[in-house]
Amino acid sequence: MPAETLGALLEEAAASPEAGLRFVARDESARWLPWSTVRERAVRVAAGLAEIGVRPGERAALVYPTSPEFFDAFFGAVLAGAVPVPLYPPVRLGRLDEYHAATARMLRAAGAAVVLLHERVRKGFDGVLERYEPPRGAVALGALPAGRGPALGSDPDALALVQFSSGTTVDPKPVALTHRAVLAQTRILNGFWPDAPGLRHTGASWLPLYHDMGLIGCVLPALERPSVLTLVPPEAFVARPAIWLRTLSRYRATISPAPNFAFALATARIRDEELDGVDLSSWRVAPNGAEAISPGVLRAFRDRFSRWGLRPEVPTPVYGLSECALAVTFSDPARPFLARRFDRDALARGGPVVERDDGHEIVSVGRPVPGFEIEIRDDRRRSLPDGRVGRIWARGSSMMRGYLDLPGPTAEALRDGWLDTGDLGFVYAGELFLTGRAKDVVVLRGRNHDPGVIEAAVADVPGVREGRTVAASVLDDDAGRETLLLIVEVAGRTPAGERAALPARCADAVLRATGLVVDRVAVVEPGALPRTSSGKVRRAETVRRLLDGRLGK
């Protein structure tokens with residue numbers, strides 16, 4: 001009988017000595033940890049948690065970098081019957097107060113009974129604990145007392161994990177996921193890359209473990225197979241993107257997902273000499289999701305690294321969200337990604353969409369994954385035909401139980417088993433195309449415009465930082481109309497002359513690409529735009545801070 005809980009899955013994986021986790025350090029040295037050792041270490045942590053009074057069902061917040069200790073804490077909580085709540089560690093020392101406040105809010109929302117901390121982050125965490133005091137304390141694993149072994153939970157409908165939503169338009173919400181939901185998603189994902197004669201899939205990831213794409217999308221499929229997953233610290237990738245491709249090559253990984261910005265960063269920052277001896281021919285699938293997908297970025301990445309053996313079908317656009325435990329739709333991994341151009345006016349009217357050679361190019365994110373279905377609905381929740389733009393609703397086998405202890409938002413999001421994703425899109429030729437977030441729509445003269453289209457128009461303007469642009473409509477009381485506001489982060493080391501020219505150049509680029517007149521361009525310092533834990537820009541919060549005079553402060 002297949003395992004029905006994460007604890008049982010770990011028990012099964014521990015019987016495969018060739019499977020486990022490989023941790024790659026910044027200097028590219030590696031440490032191996034088989035699943036059997038992961039389980040042994042987790043049992044000790046679980047016993048210690050029981051000894052300090054952590055009871056089944058209580059939430060255990062985890063604050064760790066990518067390290068073996070994260071897995072000690074995560075699976076230790078699981079084996080103790082507690083519910084792990086992964087949170088991101090403090091990394092941006094210049095904004096610790098903002099981090100402290102946001103993390104305290106998440107701890108409060110999760111009702112965390114205990115916080116498990118890595119020794120390295122303890123000093124940067126004191127400001128959080130001043131705002132929220134967990135009933136059973138904040139402890140490092142080494143400080144846990146010894147205890148007796150835990151009893152393995154066996155209820156697939158118990159909570160397995162609390163995963164915070166991305167929070168691009170509102171504060172992140174605690175998504176409650178059961179063992180049944182998480183394992184359903186894990187098996188859905190593994191179904192997209194079955195082993196074959198001469199091909200045994202393994203993964204490589206630099207994605208943060210507190211994010212669903214890193215944890216549910218990478219770790220749990222490797223546990224369920226069971227197989228090998230090679231992990232690179234996210235900060236190592238950001239500092240030197242070549243470590244991602246070098247790791248893929250060295251360990252012959254076949255699966256490695258990433259959001260759009262990573263493909264852009266790799267294309268722009270990796271130097272040829274850093275890829276000496278690299279062979280990417282083993283790479284079969286690179287699921288691309290978590291943020292808007294740029295067809296130009298994917299083409300540039302594919303073309304740039306083809307000489308090192310990258311297959312053209314590797315970049316695989318996907319769509320998902322925390323509330324569904326990750327994937328909702330998936331492109332066919334056996335074909336190159338598909339992009340079509342659609343008439344801009346038709347998109348602004350909500351369809352029916354029409355293809356045009358000079359239209360706005362959108363990447364298909366594929367068809368619903370097995371066990372899922374989607375519907376496009378209008379604002380009155382009526383189903384729309386193919387080719388019409390509306391809100392995306394989804395239902396399937398890995399849906400959340402709800403937002404933890406938030407009955408109001410849960411009832412608003414879940415209706416008759418369907419989830420209102422809050423995203424906008426349309427189905428065309430059987431495939432899903434995304435057009436933005438419902439709350440982020442730019443409304444000008446009664447027409448809806450995708451902010452992503454406007455933001456993409458300035459991507460190639462010299463001095464604009466890649467992926468750090470916000471377009472929004474703002475009411476001008478004096479003019480009595482909605483105006484178009486564009487906020488751009490300037491790239492580091494941009495010459496003063498280029499910086500001064502940015503407003504005019506950005507406005508001109510938007511006019512040429514979309515026909516829209518930008519009323520105001522605000523240029524802000526690098527790092528000023530607030531982001532979610534997964535790195536996505538929070539549009540609404542960015543606009544609020546700019547208008548309040550707080551952006552970048």
Side-chain angles (χ1 to χ4, degrees), residues 88-103 105-106 124 127 166-172 208 211 234-235 237-239 241 259-262 264-265 268-269 290-292 294 297 436-437 439-440 442 451-474 483-507 509-510 518-553:
Y88 58 101
V91 291
R92 302 170 71 188
L93 297 180
R95 293 192 173 179
L96 272 182
D97 195 61
E98 184 179 311
Y99 169 82
H100 292 157
T103 304
R105 284 196 300 271
M106 288 190 281
S166 62
T168 53
T169 57
V170 295
D171 280 338
H211 190 256
E235 60 273 17
F237 163 74
V238 172
N260 190 77
F261 90 87
L265 190 68
R269 293 260 305 273
E291 63 181 8
S294 163
V297 165
R437 290 284 299 173
K439 291 184 179 179
D440 284 336
V442 172
V453 175
I454 302 168
E455 293 158 5
V458 302
D460 295 328
V461 174
V464 173
R465 190 177 179 193
E466 173 71 34
R468 296 291 183 264
T469 308
V470 167
S473 49
V474 178
T483 59
L484 179 55
L485 168 67
L486 189 67
I487 307 169
V488 298
E489 268 191 22
V490 64
R493 301 178 182 175
T494 299
E498 280 192 8
R499 179 172 181 145
L502 271 181
R505 288 177 176 173
C506 287
V510 171
V518 180
D519 296 278
R520 178 187 175 191
V521 178
V523 178
V524 297
E525 296 301 318
L529 271 58
R531 291 176 286 161
T532 69
S533 61
S534 60
K536 290 184 281 189
V537 172
R538 300 183 66 186
R539 286 193 178 100
E541 181 65 15
T542 297
V543 174
R544 276 196 295 271
R545 292 188 188 186
L546 179 76
L547 298 180
D548 291 345
R550 296 183 296 114
L551 190 59
K553 296 181 180 178

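FYI, side chains are in, hydrogens and waters are out, and symmetry mates aren't considered; it's all heavy atoms of this structure.
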Looking at every non-hydrogen atom in both residues, tell me the closest pair between [X] and [Y] and how far apart they are.
X: Leu96; Y: Pro90; value: CD2-CB, 3.8 Å
X: Leu551; Y: Leu529; value: CD1-CA, 4.5 Å
X: Glu498; Y: Gly463; value: OE1-N, 4.1 Å
X: Ala509; Y: Ala457; value: CB-O, 3.4 Å
X: Val297; Y: Ala264; value: CG1-N, 3.6 Å
X: Ala239; Y: Arg269; value: O-NH2, 3.1 Å

- [ ] Could you grab the distance from atom OG of Ser473 to atom CG of Leu484, nearest 0.5 Å is fine?
- [x] 8.0 Å
Task: Spacing of CG belonging to Asn260 relative to CG belonging to Leu265, to within rounding of 0.5 Å - done: 11.0 Å
Considering only heavy atoms from C-beta outward, does the side chain of [X] approach that of [Y] to under 4.5 Å?
X: Leu486; Y: Val458; value: yes
X: Arg499; Y: Val523; value: yes
X: Glu541; Y: Leu546; value: no

Open item on the list: Whether Arg539 and Glu455 form a salt bridge (side-chain N of Lys/Arg under 4.0 Å from carboxylate O of Asp/Glu) is what I want to check.
Closed with: yes
Task: NZ/NE/NH1/NH2 to OD/OE distance under 4.0 Å, Arg468 and Glu525 - done: no
- [ ] Step by step, work out the side-chain contact (heavy atoms from CB on, under 4.5 Å) result for Val464 and Leu502.
- [x] CA-CA 8 Å; Val464 173; Leu502 271 181; 3.7 Å; yes
Ignoring hydrogens and geometry, is there a side-chain-to-backbone donor-acceptor pair from [X] to [Y] under 3.5 Å?
X: Thr494; Y: Ala491; value: yes
X: Thr542; Y: Arg538; value: yes
X: Tyr88; Y: Tyr99; value: no
X: Glu489; Y: Ala528; value: yes

Open item on the list: Run the side-chain contact (heavy atoms from CB on, under 4.5 Å) test on Cys506 and Val518 for me, step by step, so that the C-alpha distance in whole Å, both residues' side-chain angles and the decisive distance to 0.1 Å come before the verdict.
Closed with: CA-CA 9 Å; Cys506 287; Val518 180; over 6 Å; no
Task: Member of Val510, Val470, Thr469 meeting the side-chain contact (heavy atoms from CB on, under 4.5 Å) criterion with Ile454 - done: Val510
